[in-house]
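To keep things clear, I will list the structure first and then write my remarks on it.
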There are 2 protein chains.
Amino acid sequence: MRPLRHPSPDEITLHGILHALADPTRLAIVAALKEQERCVPPDGGDGINCVETMERVKQSLPKSTCSQHFLILREAGLIRSERRGVELFSRLRCRELNERFPGLLQSILSAHAASAPVEAAPVKE
Amino acid sequence: MRPLRHPSPDEITLHGILHALADPTRLAIVAALKEQERCVPPDGGDGINCVETMERVKQSLPKSTCSQHFLILREAGLIRSERRGVELFSRLRCRELNERFPGLLQSILSAHAASAPVEAAPVKE
DNA sequence: TCTGTTGTTCCTTTTTCCTGAACTTAGGCC
DNA sequence: GGCCTAAGTTCAGGAAAAAGGAACAACAGA
């Protein structure tokens, strides 16, 4: 099991971020982590593990696919992950991202929220 | 030669935009069109053709590849293209994009400008 | 009409992505 | 300890997407 690699702020590239967020699943994961951060300030508590995250995202994907998605998000510098026991807890690197590319993550997540409204407000029948 | 298809504002998706801009060449094209718009207000004049755009981007790619890039940008709703004679003139759909996803394009282009400074200001030796 | 330029379409090669299967790691239970 | 289970990881195969060459279409100008 190789160690978790996290890029330093100046190693984070715009291309890496856009590529990571261009995938709907990964964007949903990031949105879920952001929501967690909003609910459990400061700094989103201790993060969420992969299973819990995928449940919130309401997608059931093979474990290998999830692992890849989290790897890409981590290497893009979007999330910081930490192994605790057998689990992997991740959270957004909001502060660093906002210093590196001010407003970028916020505007993408706003656009995401606008185009994919929360399912907590479903259409009544 | 099939007609040029442009999505209406509400057909424009965040995923389409992020996917289109996740490619370095396409991001550079969009940045070049934005720069054109800045130099020739309002609305960037009549647009730039593909050859001229690729020259500003300082990339020499096969024509087929360029054609594909412009197609993807167009179908994502980022640019509006128009055939005039044998040429294809394109320009950014700034206004519509900003109404659809406020601040999104601006923050991406700002991040791009920050991470890839213009080569007009090279490091002195 | 002929020629050169611009861009498109098609098709093949290359690259990237997805996923099932086997594996690693850690915790719980007897 | 031995065994089992759950959470992720790694790897290899096939599927999907992107890149690029070649032939083509459309127009302008001589």
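So that the names make sense, note that chain A is the first sequence line, chain B the second, and so on, each numbered from 1.
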*Distance test, side-chain N/O of A/R2 to OP1/OP2 of D/dG8, below 4.0 Å*: no
_Nearest-nucleotide pick for A/L88, side chain only, options being C/dT19, C/dG7, D/dG8_ = D/dG8
*Would you indicate which nucleotide in C/dC18, C/dT9, D/dC11 comes nearest to any side-chain atom of A/H69?*
C/dC18
_I'd like to know if the side chain of A/S67 reaches the main chain of A/K63, judged simply by a donor and an acceptor atom lying under 3.5 Å from each other, with no hydrogens or angles considered._
no
*Hey, which of these two, A/H19 or A/G85, hits DNA chain C nearer its 5' end, going by closest nucleotide?*
A/H19
*Between C1' of D/dG8 and CD1 of A/I48, the distance in whole Å*: 17 Å
*Which listed nucleotide (C/dG20, C/dT8, C/dT25) is nearest to the side chain of A/P62?*
C/dG20
*Whole-Å gap separating P (C/dT6) and CG (B/L4)*: 18 Å
*Closest to the B/S64 side chain, choosing from C/dG20, C/dC10, C/dG7*: C/dC10
*Please state how far atom CE in A/M1 lies from atom C1' in D/dA7, giving the value in whole angstrom units.*
9 Å
_Once rounded to the nearest 0.5 Å, what's the spacing between atom NE2 of B/H6 and atom CD of B/E96?_
9.5 Å
*B/R83 CZ to D/dA28 C1', straight-line distance once rounded to whole Å*: 16 Å
*Salt-bridge present (A/R95, A/E99; N to O < 4.0 Å)*: no
*To the nearest Å, give me how far apart CD (A/E87) and P (C/dG28) are.*
11 Å
*Would you find a donor on one side and an acceptor on the other, under 3.5 Å apart, between the side chain of B/R100 and the backbone of B/I12?*
yes
*Using side chain to side chain contact (heavy atoms under 4.5 Å, CB included) as the criterion, point out the one residue from A/E35, A/Q36, A/M54 that pairs with A/I48.*
A/Q36
*Value in whole Å for how far the P atom of D/dT9 lies from CE of A/M54*: 13 Å
*asked:* Using the side-chain heavy atoms of B/L61, tell me which of these nucleotides is nearest: D/dG20, C/dG7, D/dA7.
replied: D/dG20
*Side-chain heavy atoms of B/L14 within contact of A/L21, under 4.5 Å*: no
*Take the C1' atoms of the five end pairs on each side of the helix from C/dT1-D/dA30 to C/dC30-D/dG1, derive the two axes, and give their angle rounded to 10 degrees.*
10°
*Among C/dT25, D/dG8, C/dG7, which is the nearest nucleotide to the side chain of A/V86?*
C/dT25
*Round to the nearest Å and state the distance from B/I72 atom CD1 to D/dG20 atom P.*
13 Å
*asked:* Rounded to whole Å, how long is the line connecting atom CD of A/Q68 with atom P of D/dA15?
replied: 19 Å
*Counting side-chain heavy atoms from C-beta on, which of D/dA7, D/dG20, C/dT9 comes nearest to B/S67?*
C/dT9
*Could you pick out which residue, A/C66 or B/K63, lies toward the 5' side of DNA chain C when each is mapped onto its nearest nucleotide?*
B/K63
*Determine, using the 4.5 Å side-chain heavy-atom cutoff (strictly less than), whether B/V30 and B/F89 are members of one ILVMFWY cluster.*
no
*A/S64 side chain to A/Q68 side chain, donor-acceptor N/O pair below 3.5 angstrom*: no
